[in-house]
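Below is one structure, written out as structure tokens; the observations come after it.
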Amino acid sequence: MKERYDVTVIGAGPAGLLAAKALAQNGFDVAVLERKQDPAAITRACGQSLLPPNEYFFGDIFHYNERDKRFCFSVSGLSFPYTGPVKSLYNWHMFSPGMKKMQFGCGEEKKTAPIALSYDKDVLIKDLLRDIACDHVDVCAGTEYTDMQFGPGTIVVKAGEKAFQSSFVIAADGTNSRVVQKLGYNSNRRHIANLYVQSCFIKGFKPPHDNAIITAVTFVDEKPVYLFLLPRAEGDEWNFIILTLEAGVDLTAAYDRITKDARFAAWFKAAKKTKEFAAIEYIYSPIQRPFRNNVLIVGDAGACQELECLGAMLTGWKGGLAIAAALKEQELGIMPRAIAQYEDWWLNTYIKQYDYQDYLSIFGIAYMFSKPEVIDYVFGLMGDESFPATFNPYRAVGLLGGRLQSLMPRIMQERPDILQVLAGTMSLFPSDIMGQTLKK
Ligand SMILES: Cc1cc2nc3c(=O)[nH]c(=O)nc-3n(C[C@H](O)[C@H](O)[C@H](O)COP(=O)(O)OP(=O)(O)OC[C@H]3O[C@@H](n4cnc5c(N)ncnc54)[C@H](O)[C@@H]3O)c2cc1C
């Protein structure tokens with residue numbers, strides 16, 4: 001460990017590791033601080049599916065290069081090794097409380113492109129750590145950022161008793177970022193809700209569809225709960241995620257109730273948990289300008305809820321390159337522009353193209369349609385025909401909204417009472433509906 005680095009990166013998730021890679025490949029000294037003792041041991045709930053391989057996302061398009069065992073991003077030129085398993089997922093089946101179904105994608109047999117790639121996140125992080133070790137990055141595991149002090153040309157990052165000095169810091173400490181809080185960003189962001197998550201890998205799950213993502217909206221004690229089921233990349237294990245915005249839901253009890261519920265019991269009859277995870281996310285509106293006091297915020301730390309791994313990786317990579325260029329600008333004494341360009345990229349690629357209100361709509365369904373029977377009716381109407389293949393939440397929301405709009409005349413005829421409910425909620429922002437309902 002050195003006394004001084006060019007850049008300190010806080011957080012060894014996908015965003016932090018790619019930021020470190022970009023800097024180290026440009027010849028800069030980088031320390032990555034990670035609070036976990038083993039950065040590759042994933043403890044936080046994650047679907048472990050990379051999306052979307054069938055469309056542009058954050059200005060890039062990615063694929064898995066089987067021959068060289070690398071994930072490749074064709075626009076930015078980023079590529080990194082991944083030696084773990086990959087499974088292609090083709091369809092997304094979404095169930096209502098009464099098991100009415102909507103489907104995105106119409107089947108593997110049609111040889112459509114996959115909508116997501118299931119992968120092993122432990123292996124991905126392990127491979128990235130090995131990759132950046134070759135570029136001489138110092139990864140300090142078991143090192144939790146606690147505070148930051150700013151002096152002329154130097155930032156001192158404190159991690160308990162340890163101190164790291166550098167010219168720039170990249171904050172990649174994920175959702176609920178302590179650095180973001182320290183820098184005062186949260187006072188100008190809107191806190192919308194909290195998301196509570198428990199998940200597990202399960203064996204013996206009998207899926208209603210293979211190689212597909214299955215999600216469901218259900219209610220536990222009248223409170224909305226969302227289920228996500230994704231096949232693991234290898235073998236017959238599945239990743240089962242239970243999420244709620246309601247602090248009062250006991251997610252452990254919910255697992256027992258849901259797996260025994262008549263609607264799902266056949267799927268879970270022989271299911272056995274093999275590994276458990278959890279997460280809490282404080283959902284804020286996104287940061288608009290992610291650079292302050294020589295600290296650049298990348299990945300989930302600056303986003304609303306989540307950027308997805310792809311978004312986190314691309315912001316980490318681009319952010320790392322921007323700081324590398326800024327260091328070079330300083331060295332050469334030329335007019336700085338790299339960081340302003342990164343902020344423009346963030347604004348134009350994320351903030352302007354991926355409306356966080358759309359992202360929230362996925363978790364707002366139960367609040368926008370208010371009652372299980374309304375959700376059933378809407379799913380029943382909209383599920384007549386499958387939607388184009390996507391697991392991109394922003395695109396899916398656009399497709400759903402478009403179809404709902406086109407069905408309005410029919411709803412007006414069949415169920416004017418439901419139209420009234422929809423008219424009341426569709427003119428509001430999802431964040432307002434969620435905020436108001438959760439406050440009650
Ligand atoms: C339930 C759930 C399901 C998801 N499913 C998917 C999915 O299917 N596909 C997908 O692409 N994305 C999914 N995501 C989102 C994905 O997990 C994130 O977008 C991605 O991991 C963000 O990467 P990151 O590097 O920004 O943050 P993180 O992955 O959160 O990494 C942050 C790192 O910083 C470390 N850290 C935090 N605080 C400190 C500190 N004070 N000091 C030092 N280190 C610190 C953490 O330990 C962690 O290693 C899901 C998320 C959740 C919660």
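Just so you know, ligand 1 is whichever comes first in the structure, and atom 1 is the first atom listed for that ligand. In this chain, residues are counted from 1 in sequence order.
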Which of these, R178, K162, K158, sits in a side chain to side chain donor-acceptor pair (under 3.5 Å) with E144?
-> R178
Quick one: ligand 1 N/O to protein N/O pairs below 3.5 Å?
unit_1: ligand 1; atom_1: 5 (N); unit_2: G47; atom_2: N; d: 2.7
unit_1: ligand 1; atom_1: 8 (O); unit_2: S49; atom_2: OG; d: 2.9
unit_1: ligand 1; atom_1: 9 (N); unit_2: S49; atom_2: O; d: 2.6
unit_1: ligand 1; atom_1: 11 (O); unit_2: S49; atom_2: O; d: 3.3
unit_1: ligand 1; atom_1: 11 (O); unit_2: C309; atom_2: N; d: 2.7
unit_1: ligand 1; atom_1: 12 (N); unit_2: E308; atom_2: OE1; d: 3.1
unit_1: ligand 1; atom_1: 12 (N); unit_2: C309; atom_2: N; d: 3.4
unit_1: ligand 1; atom_1: 17 (O); unit_2: K121; atom_2: NZ; d: 3.3
unit_1: ligand 1; atom_1: 19 (O); unit_2: D300; atom_2: OD1; d: 3.0
unit_1: ligand 1; atom_1: 19 (O); unit_2: D300; atom_2: OD2; d: 3.0
unit_1: ligand 1; atom_1: 19 (O); unit_2: E308; atom_2: N; d: 3.4
unit_1: ligand 1; atom_1: 21 (O); unit_2: K121; atom_2: NZ; d: 3.0
unit_1: ligand 1; atom_1: 25 (O); unit_2: P14; atom_2: N; d: 3.2
unit_1: ligand 1; atom_1: 25 (O); unit_2: A15; atom_2: N; d: 2.9
unit_1: ligand 1; atom_1: 26 (O); unit_2: D300; atom_2: N; d: 2.8
unit_1: ligand 1; atom_1: 38 (N); unit_2: R35; atom_2: NH1; d: 3.4
unit_1: ligand 1; atom_1: 41 (N); unit_2: Y145; atom_2: O; d: 3.3
unit_1: ligand 1; atom_1: 42 (N); unit_2: Y145; atom_2: N; d: 2.9
unit_1: ligand 1; atom_1: 44 (N); unit_2: R35; atom_2: N; d: 3.2
unit_1: ligand 1; atom_1: 47 (O); unit_2: E34; atom_2: OE2; d: 2.7
unit_1: ligand 1; atom_1: 49 (O); unit_2: E34; atom_2: OE1; d: 2.6
unit_1: ligand 1; atom_1: 49 (O); unit_2: E34; atom_2: OE2; d: 3.3

Only counting residues at least two apart or in another chain, list the ones meeting side-chain hydrogen bond (donor to acceptor under 3.5 Å, both in side chains) with T259.
-> none
Under a 4.0 Å N-O cut-off, is there an ion pair linking R232 with D120?
-> yes
What side-chain donor-acceptor pairs closer than 3.5 Å can you find for residues 307-326, not counting sequence neighbours?
unit_1: E308; atom_1: OE2; unit_2: Y359; atom_2: OH; d: 2.9
unit_1: T315; atom_1: OG1; unit_2: G299; atom_2: N; d: 2.9
unit_1: T315; atom_1: OG1; unit_2: G311; atom_2: O; d: 3.2
unit_1: T315; atom_1: OG1; unit_2: A312; atom_2: O; d: 2.9

Would you please name every residue forming a ring-ring contact (aromatic ring centres under 6.0 Å, His included) with Y119, sequence neighbours left out?
-> none
Might you confirm whether atom CZ of F228 has over 12 heavy atoms from other residues, nucleotides or ligands at distances under 6.0 Å?
-> yes
